[in-house]
Amino acid sequence: MLNQKLAVAVAEAVKALYQQDVKPEDVQIQRTRKEFEGDLTVVVFPFTKAAKKPPQEIGEEIGNYLKENIQEIENFNVIKGFLNICFELDYWMEFLRQCLLEKNYGLAEKIQKDNPVVVEFSSPNTNKPLHLGHVRNILLGWSVAEIIKASGRAVKKVNLVNDRGIHICKTMLAWEKWGKGVTPAKAEKKGDKFVGDYYVQFEKQNKLEVKQKMLEGYSEEEAANRSGLMKEAREILKKWEQGDEETRALWEKMNAWVYKGFDKTYKRMGIAFDKIYYESDTYLLGKELVEEGLSKELLKRREDGSIWADLSDEGLDEKLLIRADGTSVYMTQDLGTAQLRYDDFKPGKLLYVVGNEQNYHFDVLKIVLKKLGKDYADDIYHISYGMVELPHGKMKSREGTVVDADDLMDEMHDSAKAITSELGKIDEFTEEEAEALFEKIGMGALKYFILKVDPKKNMLFNPDESIQFDGHTGPFIQYTYARIQSLQRKAREKGFKKPYLTKKSSITEMLPRERQIMKNLQDFSEVIRLAAEAYSPAQLANYIYELVKEYNGFYQDTPVLREEDEEKLLFRLGLSEMTGKVIKSGMDLLGIAVPERM
RNA sequence: GGCUCCGUAGCUUAACUGGAUAGAGCAUCUGACUACGGAUCAGAAGGUUCGGGGUUCGAAUCCCUGCGGAGUCACCA
């Protein structure tokens, strides 16, 4: 792109003028800020040392050099140490004409097939329904994967279901005790909710029992250990590990209920996976890896039989990998999963979208894998995202402040319905069409609200505010898109056909706003690249917003179809169409649908 | 307490990774509809970028320090 060309030319200029070697990639080029005239800006401060001249003068000299060597440059100006460069109109018109012809403007043309990037996200437990925290995780994972794909690399989306462990045994016990015979179908409940209720019930009953034991004089810890319910749950876990048929059957039955429920939620969110891993399948492989490490004396066994990794070389403690009773821990399972995933895909990168409370865990995972001689450990990257907080603090199941994913989506849908109905713009829609639209708007609002925030940061989810559709929101963007589509329908009625720009345009000037939109459009692929590199859908989300804001300003006070000069009219139509295209494919990468009307 | 991360308008947040006068949205106030869709636009007001030092042409960004918050330091996952 022109960006590249410019960087190379600047490096040449510096070499020719000041005999200093600069790599093109080190040349600082940025978008010219709105307040100044120009399209791209070269920062010249870094050359002051070699040039031994004031920045203003350097800017002039480099500017002249560039103008002579790059024909697309129309003129330039220098303000302080900033060299602002303007491209000529022809360049921009040609750019617009070309990208209107492209089918997938901005997206990578070829996908590099080998060594895909494997992205793990969602990773639910099977004892609880999905909640707001999962929603952020899922949206991030999906979007990061899509963005990476758009930047030119093959991607595999995978899920890791934590389907075994004491927590599942608790729900199994609770169901046997208090719900035997009842099924989600009979109870008319979503499977994951149904099972989750038994988990809650277990905890409740167990708490009562522990309290009772404490009244009998036991300490809290002791009381917890002596709880009959806990004993029974542990008994089930043991049976499960021994492969007891009856236990396994019940486990499978209840998990199946949960998956059915999850599937519904995933489907509504627009999410699918290429492969789903289950910890019940991977923990044994993890154990094997540990045994192997032990035999190679990379790990050590204590007297009680437990196995540890000594990480003191890395400044960390020792880490348990296998308990004395031979059972595995979280880390063991993750070792197995990593290996399995590596064997499955031979990936170039292994990404894990997991909350930042597990930063330490992933540091250790990498180190242990490395210790076991697994080179792919270097390709593991933890996309660590911040917690979702509520206006009154964290989500706590004990305090009933967990925001359920399904409920949340329902709420968003209902708000979309209320607001849309009030505006009365879709009265001619069938009921089915209307419902589909409410879903698009509601989900768009929810997804955008979450994705626009930098993943690394903790974010505040204010339920009241999130369903407002004004300002920096998904529906604002969707609205702009719908408007552009409306404009194009009108154009069609008036007999204008695509492609709008077939020959060289004869218009002689662009409005500042038009130019601004062009610059934004041109940045699209670069934004995708940067967002992919930073694993940050937020960068893309904010870019789309800027483009849309700029377009709305243009639309408000610039005639398109009412324009009398047909050349101008066609140009503006093309500009609008292109803006719509970028909105659509950008939003698509965020997992957000845009409506033709709203 | 050790380690890690964070602190930007009343609130929610941006800032191209060290660049120009810190940019938006919400809320507040003012203005714009016989409309190519007002779920819009234009404008006003709102900032010692937590405090204090330092590094340099230049700091919200890097270093030191103090304060405040979060996470983690499990034979839970």
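So that the names make sense, note that chain A is the first sequence line, chain B the second, and so on, each numbered from 1.
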Of the nucleotides [options], which has the atom closest to the [X] side chain?
| X | options | result |
| --- | --- | --- |
| A:V329 | B:C41, B:A77, B:U13 | B:A77 |
| A:V453 | B:C16, B:A42, B:U13 | B:U13 |
| A:E279 | B:A14, B:U13, B:A77 | B:A77 |
| A:A482 | B:A77, B:U17, B:G37 | B:G37 |

- request: Verify whether one side chain among A:R302 and A:S306 offers a donor that lies under 3.5 Å from an acceptor in the other.
  value: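 There is no such pair (donor and acceptor under 3.5 Å, judged by atom type) between the side chains of A:R302 and A:S306.
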Q) Are A:S576 and A:Y551 linked by a side-chain donor-acceptor pair shorter than 3.5 Å? A) yes
Determine: side-chain N/O of A:R489 to OP1/OP2 of B:C36, distance under 4.0 Å, yes or no. no
Is A:T48 near enough to B:C57 that one of its side-chain N or O atoms lies under 4.0 angstrom from OP1 or OP2?
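For A:T48, the contact criterion (side-chain N or O under 4.0 Å from OP1 or OP2 of B:C57) is not met.
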When you measure only distances, ignoring hydrogens and angles, does the side chain of A:D304 come within 3.5 Å of the base of B:C75 through a donor and an acceptor?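 Under the 3.5 Å cut-off, the side chain and the base do form a donor-acceptor pair.
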Residue list, side chain to side chain contact (heavy atoms under 4.5 Å, CB included) with A:N206, at least two apart or on another chain |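 Result, side chain to side chain contact (heavy atoms under 4.5 Å, CB included) vs A:N206: A:F202, A:V210, A:S227, A:L229, A:M230.
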Taking side chain to side chain contact (heavy atoms under 4.5 Å, CB included) as the test, write out the residues that go with A:K128, two or more places apart.
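Partners of A:K128 under the side chain to side chain contact (heavy atoms under 4.5 Å, CB included) test: A:Y199.
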side-chain hydrogen bond (donor to acceptor under 3.5 Å, both in side chains) pairs touching residues 76-85 of chain A, sequence neighbours excluded, are A:T41-A:N84, A:N77-A:N84
Polar atom pairs between nucleotides 18-27 of chain B and protein, under 3.5 Å, N or O only, would you list them?
{"unit_1": "B:G19", "atom_1": "N7", "unit_2": "A:Q28", "atom_2": "OE1", "d": "3.0"}
{"unit_1": "B:A20", "atom_1": "OP2", "unit_2": "A:R33", "atom_2": "NH1", "d": "2.7"}
{"unit_1": "B:A20", "atom_1": "N6", "unit_2": "A:T41", "atom_2": "OG1", "d": "3.0"}
{"unit_1": "B:A20", "atom_1": "N6", "unit_2": "A:N84", "atom_2": "OD1", "d": "3.2"}
{"unit_1": "B:A20", "atom_1": "N1", "unit_2": "A:N84", "atom_2": "OD1", "d": "3.3"}
{"unit_1": "B:U21", "atom_1": "OP1", "unit_2": "A:K80", "atom_2": "NZ", "d": "2.8"}
{"unit_1": "B:A24", "atom_1": "O2'", "unit_2": "A:Y545", "atom_2": "OH", "d": "3.1"}
{"unit_1": "B:G25", "atom_1": "OP1", "unit_2": "A:K549", "atom_2": "NZ", "d": "3.0"}
{"unit_1": "B:G25", "atom_1": "O2'", "unit_2": "A:H472", "atom_2": "N", "d": "3.1"}

For residues 163-173 of chain A, dump all side-chain donor-acceptor pairs below 3.5 Å to protein atoms at least two apart in sequence or in another chain.
{"unit_1": "A:D163", "atom_1": "OD1", "unit_2": "A:E279", "atom_2": "N", "d": "3.4"}
{"unit_1": "A:D163", "atom_1": "OD1", "unit_2": "A:S280", "atom_2": "N", "d": "2.9"}
{"unit_1": "A:D163", "atom_1": "OD1", "unit_2": "A:S280", "atom_2": "OG", "d": "3.4"}
{"unit_1": "A:D163", "atom_1": "OD2", "unit_2": "A:S280", "atom_2": "OG", "d": "2.6"}
{"unit_1": "A:R164", "atom_1": "NE", "unit_2": "A:Q333", "atom_2": "OE1", "d": "3.0"}
{"unit_1": "A:R164", "atom_1": "NH1", "unit_2": "A:E241", "atom_2": "OE2", "d": "3.2"}
{"unit_1": "A:R164", "atom_1": "NH2", "unit_2": "A:Q333", "atom_2": "OE1", "d": "2.8"}
{"unit_1": "A:H167", "atom_1": "NE2", "unit_2": "A:N162", "atom_2": "ND2", "d": "3.4"}
{"unit_1": "A:K170", "atom_1": "NZ", "unit_2": "A:E203", "atom_2": "OE2", "d": "3.0"}
{"unit_1": "A:T171", "atom_1": "OG1", "unit_2": "A:I168", "atom_2": "O", "d": "2.6"}

Could you go over nucleotides 70-74 of chain B and give all protein N or O partners under 3.5 Å, atom names and distances?
{"unit_1": "B:G71", "atom_1": "OP1", "unit_2": "A:K394", "atom_2": "NZ", "d": "3.3"}

